[in-house]
Colleague: 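A single structure is presented below for examination.
Every chain is numbered from 1, with letters handed out A, B, ... down the list of sequences.
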Amino acid sequence: MAKKARRPAAPVTPAAPAVELSEADHRTLGTLRSLADRVVEGAVASRPPHLDIPSRSLGNVRFNKAKRFIEMGSGKNRRELFNLAQAKAYMQTMLVASGCKALVEQGKSTSIRGMYYLLKHTIAGTKEETFDEQADCDPIIEDVEVALNTLREELHIYAQNKGSIVGNLVFRDSGDEIDCSRMGSGGYTIPSIVEPNVIQFLKCDAKFILHVEKDTVWRRFNEDKFWRKHNCILTHGGGQPPRGVRRLLNRMHHELKLPIYCLLDNDPWGYYIYSVIKQGSINLAYESRRMAIPGAKFVGLRSRDFERCELSPSVIIRLNDQDIKRAKQIAQYPWFVDKKPWQKEIELMLRNGFKLEVESLISKDISYVTETYVPERLAEQDFLD
Amino acid sequence: MAIADRDSTETERPSTKRRATAESMATQQRSISVSEFFSKNRHLLGFDNPRKALLTTVKEAVDNSLDACEEAGIVPELWVRIDPAGKDRFRVAIQDNGPGIVKKQIPLIFGKLLYGSKFHRLRMSRGQQGIGISAAGMYGQLTTGKPVRIVSKTAAKKPAHYFEIQIDTKTNNPEILNGKGEGIDLPFGAAGEKMMADLAIEWESEIPPDFASAEGAVPAPLESGTRVTIELEGIHKRGKGSVDEYLEQTAIANPHVTIRYRDPDGNVMEYHRSTRKLPPEAREIKPHPYGVELGRLVTMLKDFPGGTLSQFLTDSFSRVSPPVARAICEQAKLSPRARTKRIGREEADTLYRAIQETKIQNPATDCISPIGEELLLKGLRQVVPGEFYAATTRPPSVYRGNPFQIEAALAFGGSPAVQKISFDLLSQLLDESDARTLKQFLVATFDGMGPDGAEKIMRESRLGTRQSVAKLTEPERKRLFDAMRNVNLADGQSMQVLRYANRVPLQFKLRDCAVTQTIMGMNWRPYGVSQSRGSLPGGPITVMVHVASVWVPFTSESKEAIAAYPEIEKELRLALQTVGRKLGVYLKKRQSIRQEGERRNVFLRYLGEVAQAVNKINGTDAKVVYDLLMKVAKKKTSEADVQLDERGKAIVEETEKEYGGGVLIVDQDVASVEKQLLERIARRGTVSEIETATDADE
Ligand SMILES: Nc1ncnc2c1ncn2[C@@H]1O[C@H](COP(=O)(O)OP(=O)(O)OP(=O)(O)O)[C@@H](O)[C@H]1O
Ligand SMILES: [Mg+2]
């Protein structure tokens, strides 16, 4: 019959009394409150309310050569309530802030999808929804993060879990001890919040980290017990690694002093993933400080591997126009532009006119990648930086 | 050869008999009396059909009354009464409080065509030919056999004269039927009153107090005035080209006049003056040399009592000083001292051409008395409900030596009254209405509602065309009410044009008139008005144009359309452009106010959510936050607020300046629209037996 005004109940149960708040929670609540206070103060002084939100566009990021990662600039976008184009976004921002406040206060967290459902309803007296779809809500959550200079975790919002870990590492996750060397065939799913209050490292024998692009390759390495043989930690991020994975890599790299080697496809997308792990992403430039790993190394695949590994021509994938464009763009990234080996690498790929996936090595032998390719690269110290 | 051949074949036809000889024709040839001529060519004077005859009769008498009052400096008070007098017969009576007419002139004025005081002078007046009222009388006489009856009184204590007059159409001379051919005097006082009662003479002897006068004011005795009664064959119909329309439009252009009209059905409509200020007196001027045609010049030369050519020129024309006269003579190679009696036909011709070639200053133009912007706005507003009015009075100009002046006013209607009234008022109007069908009710009650609009509403409400008003049930009324709101009546509406010549409304020959042609020839789109090429613009717009002149160039004797002189067209265009531009400014402004309003609506929609969110975060009372934000929103969108909050204030001073004056802006809230509607209905009396308006002329 009639359209329901409210969506199913949010995945947060009503306030459980007396939640113990962490110091970070108190800080978050403080910033949220000051956001609301500014609205009231402004209104009392009959000033039209506005929010200044650091700009998350390409124009407002720059590469910090000293720190070797992408940083967000000081550019800000003003979002005004009494501006036709911004009124709704302003309202949504305040809604997200109020939603976060409720989460923090109740000691609960929710996914970005949960946050969308928590805040979605029909605006009183209209037929308009506060958010039409999740895609409307996600960027607003990021806006709140940057505007308040808080982390998503501090707002008690998590992203989808993605990515796995195995290896000679023991840590505590929310009080449970996790031994990553006893994770069977699936590995341990990397949670989206891996801050020290959630995850504490207990014991690490591994000497390095091998990060692979996706699940299929990761399974090969796990099945062949590569990490046991080479005493390392094996991770993947399901393509572009989510924040949890990047943050965990960052923590292991810095706190456990483990070098990181990335095994990614020989294509622009692989280059890009490497660039995100190493220098940070444009969209999350404000998180680079916590996520970028400037020391990460690129083991392969390489443009010259078709010849070096004597691969069959049937495994090559022709570059399309999009790939060529992306490759040229990446070559111009400030952190690649001065690196001769990288320029040569991209140049060669373009000259080849094809790309190679890590899986293509399987055509040689099912375990070629774990038993020959990566061990050789590591032995030769043959990587791109 | 060819001609001879044809001649021969014709003469060869044996049976061809000569039809008439010069001699036989001579027996038929004699002078034609003007009255005879016009009785056969009545269409030339506006008596082409019975419906128009009724209107023309009222119009001629009313125009005369207004001319007389104004010339005498009397604030005009008119009574118009039409009584049915048998099938398709009416008795029309018009009375004024004018100066009256002296006894010996009465028969000539009403019983002789081409007798009048206005033809020989150049002076701005409604009448100009000296035919009007006697033609009306003659028409009555021809169709009913009844004489014209006149009562006229020139001073308070003097007797009134009473005449019953017929025209001898053969000789164009009056025949007095009463008082043994002398008329009757009705003495002042009781004796006279008794005589009037005995003879069944109607006479308004007092003037009711003005609308504006203090409470408890008593009627004033009527000191002087004239009443004309004509019985004629006619048809009474409302709508376009009707007496009602004529009187209503007369009221617009003559805001100093009060007219009390009783129609054949006994309905009383009163048009009350909005000012007691008479228009400035129109001055008489001598003709300007450029405006005189050759024939007229010859007659003037012949009529000049004697003297030199130079004297003739300086005496007969305006703007001809002795040096100018000398220049004309030089150009014509005639001596300024030549005797006018000696000027022959050929010399008159060279003189005529010399006049055109000599540079002569334009005539003085202060002889025109325009209505003025303020009164135009007032007048238009009284009759046309709208939200925006603009008016302009152009400086006087000259065509063919005749000074003239153009005025234009424009009304832009908000949503029509039909969409603004409440259900209660509609019910009340339905209860009071004595219209037979719903369609009649709609057309008669709401302005700007044509039969088409009414039909649309009926269709939307699923009520039959012949639906009787009395039998409407409550749910049907509700349906009607909803339909009235939902139907778009502005669609297909086109500009209404009100034309005036010397304050007299022109109701016919819309398309032949220079005014209409100028409007259609202009591009109105830059003013934000829709228009398809070469036609009247669309939308709820009424344009009023006044052409004032010492001699209005009509396209024919029936004074229905203005001739297209280039000078007049140019002035028309300039005047229309001025009001068009003002409308453009208004429409643009209205657009931006509307946008501003929409903007605020957007803000308002989100204020509640923002207030709730703030409340959840820091606990501030949501209502308090909402109210505070609301205040800021109002300040932010203050432009929209001026219109929303200060309703009732008709004019915003600041905007007046923006338009360069000459505008009136009326807010369109429900209360004021209802009030206007009720006022108009009160003024018109009850609605009854209204036929759907159709225009016989177009
Ligand atoms: N009600 C009146 N009061 C005083 N004088 C009148 C009245 N009606 C007519 N007259 C005089 O009678 C004259 C003749 O009127 P008539 O209507 O026949 O001609 P007109 O008004 O001069 O020209 P037109 O033919 O254009 O109407 C007028 O010029 C005017 O002097
Ligand atoms: Mg007249």
Colleague: With a 4.5 angstrom heavy-atom cut-off, is it the side chain or the backbone of Gln92(A) that approaches chain B, or both, or neither?
Modeller: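 Neither part; nothing is under 4.5 Å.
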
Colleague: What residue in Arg33(A), Arg47(A), Lys88(A) has the most heavy-atom pairs under 4.5 Å with chain B?
Modeller: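 When all of Arg33(A), Arg47(A), Lys88(A) are compared, Lys88(A) has the most.
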
Colleague: Could you tell me which non-hydrogen atom of Leu32(A) sits nearest to which non-hydrogen atom of Ile617(B), and how far apart they are?
Modeller: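 For Leu32(A) and Ile617(B), the tightest heavy-atom pair comes out as O-CG2, 3.3 Å.
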
Colleague: Check whether any side-chain heavy atom of Met94(A) lies under 4.5 Å from a side-chain heavy atom of Tyr606(B), and answer yes or no.
Modeller: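 Side chain of Met94(A) against side chain of Tyr606(B), heavy atoms only: no contact under 4.5 Å found.
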
Colleague: Of the backbone (N, CA, C, O) and the side chain (C-beta and beyond), which part of Thr130(A) lies under 4.5 Å from a heavy atom of chain B, both, or neither?
Modeller: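 It is the side chain, since no backbone atom gets that close.
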
Colleague: Working to the nearest 0.5 angstrom, can you tell me the gap between Asp37(A) CG and Thr620(B) OG1?
Modeller: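 Rounded to the nearest 0.5 Å, the CG-OG1 separation comes out at 6.5 Å.
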
Colleague: Atom OG of Ser98(A) and atom CG of Asn618(B): how far apart are they, to the nearest 0.5 Å?
Modeller: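 These two atoms lie 11.0 Å from each other.
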
Colleague: Give the minimum heavy-atom separation between Pro49(A) and Leu629(B), together with the two atoms involved.
Modeller: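 Reported closest heavy-atom pair: CG-CD2, 3.6 Å.
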
Colleague: Would you compute the distance between atom CD of Glu609(B) and atom CD of Glu128(A) and round it to the nearest 0.5 angstrom?
Modeller: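 Rounded to the nearest 0.5 Å, the CD-CD separation comes out at 9.5 Å.
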
Colleague: Give a yes or no on whether Arg172(A) atom CZ has more than 12 heavy-atom contacts from other residues, nucleotides or ligands under 6.0 Å away.
Modeller: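 No, CZ of Arg172(A) has 12 or fewer neighbouring heavy atoms, counting only those of other groups under 6.0 Å.
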
Colleague: Do you know which two heavy atoms are closest between Ser46(A) and Val632(B), and how far apart they sit?
Modeller: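 Closest pair (atom of Ser46(A), atom of Val632(B), distance): CA-CG2, 3.7 Å.
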
Colleague: With a sphere of 6.0 Å drawn around CG of Asn149(A), does it hold more than 12 non-hydrogen atoms of other residues, nucleotides or ligands?
Modeller: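 It does not: Asn149(A) CG has 12 such atoms or fewer within range.
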
Colleague: Decide yes or no on side-chain contact (heavy atoms from CB on, under 4.5 Å) for Leu81(A) and Leu607(B), but give the supporting numbers first.
Modeller: CA-CA 8 Å; Leu81(A) 173 57; Leu607(B) 284 193; 3.5 Å; yes

Colleague: Give a yes or no on whether the backbone of Lys616(B) and the side-chain of Lys101(A) come within a donor-acceptor separation of less than 3.5 Å.
Modeller: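 Side chain of Lys101(A) to backbone of Lys616(B): a pair is present.
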
